[in-house]
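Numbers here are sequence positions counted from 1.
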Amino acid sequence: SFAARLARIKDEKALGRYLELQRSSSLVYVGVLDPTGIGSYAGLDLQGDARLQEQMKDLFQRGQHGKAAISVPIVSESLQEPVVVLEEPIQFDEKVQGVVLTVASLQPIRRIMNESGSAGLFEVYVVDNRGHTVAHSDPNRPLGEDLSDVEIVKRFLKSTEGAAGPVRGVITSTSFPRAFSSGSIS
């Protein structure tokens, strides 16, 4: 049964071993939960991060209905870095047996943005589907900053309406009057 498998995962601390094998990955949390929300997890303790917990609860509920999902990127209060929550339902005979939840850091994207903008030729940033920064080439700019009123972001968000995925990429040049968008990175 799924309950027995879940108990074995917890007893064997199998999820922890998975995270150890994936040290170079961006996963900071992985959990396997039964339909009541009880299960096993490994990774960082994210209990005190209210906004992240809200995202995880929302995606868990979607998973209970058999729908996989990726959250809108948010800035984790406890990690002080951008993250996304990914969720995949575990189904057998079209019945949801449980849900896998993971939290992935977007720090690698942030590092790429910092490196890309370090020469000062470009201002590079990634925004979510609301126009809020997820990563920025200027490390002094706050994450989650609302750039939806910036003309290039306005145009970019309008051009990607209806596109799949919660993350959008925007590259803008400070040296030239016309900026360009890089396309969706999701």
Side-chain angles (χ1 to χ4, degrees), residues 1-110 126-135 142-146 148 157 160-169 184-186:
S1 76
F2 182 74
R5 287 186 208 132
L6 193 53
R8 190 174 72 237
I9 289 170
K10 189 173 187 175
D11 291 344
E12 295 176 3
K13 298 182 177 158
L15 298 177
R17 287 193 302 268
Y18 177 76
L19 285 177
E20 288 171 13
L21 292 172
Q22 300 294 321
R23 285 182 196 238
S24 63
S25 87
S26 299
L27 294 181
V28 295
Y29 170 94
V30 61
V32 179
L33 309 171
D34 70 12
T36 67
I38 297 172
S40 179
Y41 77 92
L44 300 177
D45 180 3
L46 303 171
Q47 294 296 316
D49 199 324
R51 198 159 166 227
L52 184 54
Q53 288 296 313
E54 182 180 314
Q55 290 279 356
M56 292 171 74
K57 182 180 177 182
D58 179 51
L59 267 65
F60 174 74
Q61 290 173 344
R62 288 183 190 200
Q64 289 178 308
H65 297 296
K67 297 178 180 166
I70 300 173
S71 75
V72 171
I74 63 167
V75 177
S76 165
E77 297 163 3
S78 59
L79 301 175
Q80 290 298 301
E81 63 186 61
V83 298
V84 292
V85 179
L86 301 104
E87 167 274 316
E88 183 72 35
I90 302 167
Q91 298 180 337
F92 182 73
D93 286 338
E94 297 187 32
K95 183 179 179 207
V96 174
Q97 302 291 310
V99 175
V100 176
L101 281 174
T102 59
V103 176
S105 169
L106 297 177
Q107 273 304 91
I109 293 173
R110 230 177 141 190
V126 177
V127 299
D128 65 15
N129 60 355
R130 300 167 301 157
H132 293 207
T133 56
V134 173
L143 297 177
E145 180 180 7
D146 184 358
S148 61
L157 292 173
T160 61
E161 285 178 5
V167 181
R168 309 282 181 247
S184 179
I185 63 168
S186 54

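Residues that satisfy the side-chain hydrogen bond (donor to acceptor under 3.5 Å, both in side chains) test with S1, not counting sequence neighbours, are absent from this structure. For the side-chain hydrogen bond (donor to acceptor under 3.5 Å, both in side chains) test, residues two or more places apart in sequence or in another chain that qualify with E145 are R141. Looking at residues two or more places apart in sequence or on another chain, you find no salt bridge (Lys or Arg N to Asp or Glu O under 4.0 Å) involving R51. In this view, F60 and L33, Q64, V99, L101 satisfy the side-chain contact (heavy atoms from CB on, under 4.5 Å) rule, not counting sequence neighbours. Not counting sequence neighbours, the partners of L86 by the side-chain contact (heavy atoms from CB on, under 4.5 Å) test are I70, V84, T102, A104. Every side-chain hydrogen bond (donor to acceptor under 3.5 Å, both in side chains) that D49 has, sequence neighbours left out, goes to S76, S78. Listed by chain and residue number, L143 satisfy the side-chain contact (heavy atoms from CB on, under 4.5 Å) test with V75 (two or more places apart in sequence, or in another chain).
Q107 is not listed as a side-chain neighbour of S26, based on a closest heavy-atom distance of 4.5 Å or more.
Atom CG of L59 sits about 11.5 Å away from atom CD of E54, to the nearest 0.5 Å. Between S148 atom OG and R130 atom CZ the span is 9.5 Å, to the nearest 0.5 Å. Rounded to the nearest 0.5 angstrom, Y41 OH and M56 CE are separated by 9.5 Å.
With T133 contributing its side chain and G144 its backbone, the two residues share a donor-acceptor pair below 3.5 Å. A donor-acceptor distance shorter than 3.5 angstrom exists from the side chain of S71 to the backbone of V85, with no hydrogens or angles considered.
For residues 80-101, the pairs satisfying side chain to side chain donor-acceptor pair (under 3.5 Å) are E81-S105, with sequence neighbours left out. Screening residues 62-73 for salt bridge (Lys or Arg N to Asp or Glu O under 4.0 Å) gives D58-R62 as the qualifying pairs, with residues at least two apart or on separate chains.
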Begin from the C-alpha positions of V103 and L27 and carry the test side chain to side chain contact (heavy atoms under 4.5 Å, CB included) through to its verdict.
-> CA-CA 6 Å; V103 176; L27 294 181; over 6 Å; no
Should V83 and L106 be marked as a side chain to side chain contact (heavy atoms under 4.5 Å, CB included) after you check the CA-CA gap, both sets of side-chain angles, and the distance that decides it?
-> CA-CA 5 Å; V83 298; L106 297 177; 5.7 Å; no
Passes side chain to side chain contact (heavy atoms under 4.5 Å, CB included), I90 versus V32? Steps please.
-> CA-CA 9 Å; I90 302 167; V32 179; 3.8 Å; yes
Please assess Q55 against I74 for the test side chain to side chain contact (heavy atoms under 4.5 Å, CB included), listing each intermediate value before the final yes or no.
-> CA-CA 9 Å; Q55 290 279 356; I74 63 167; 3.5 Å; yes
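The shortest heavy-atom contact between H65 and V96 is C-CG2, 4.4 Å. In terms of heavy-atom proximity, G63 sits nearest to P89 at O-CB, 3.4 Å. Across all non-hydrogen atoms, the minimal contact from L44 to Y29 is O-CD1, 3.8 Å.
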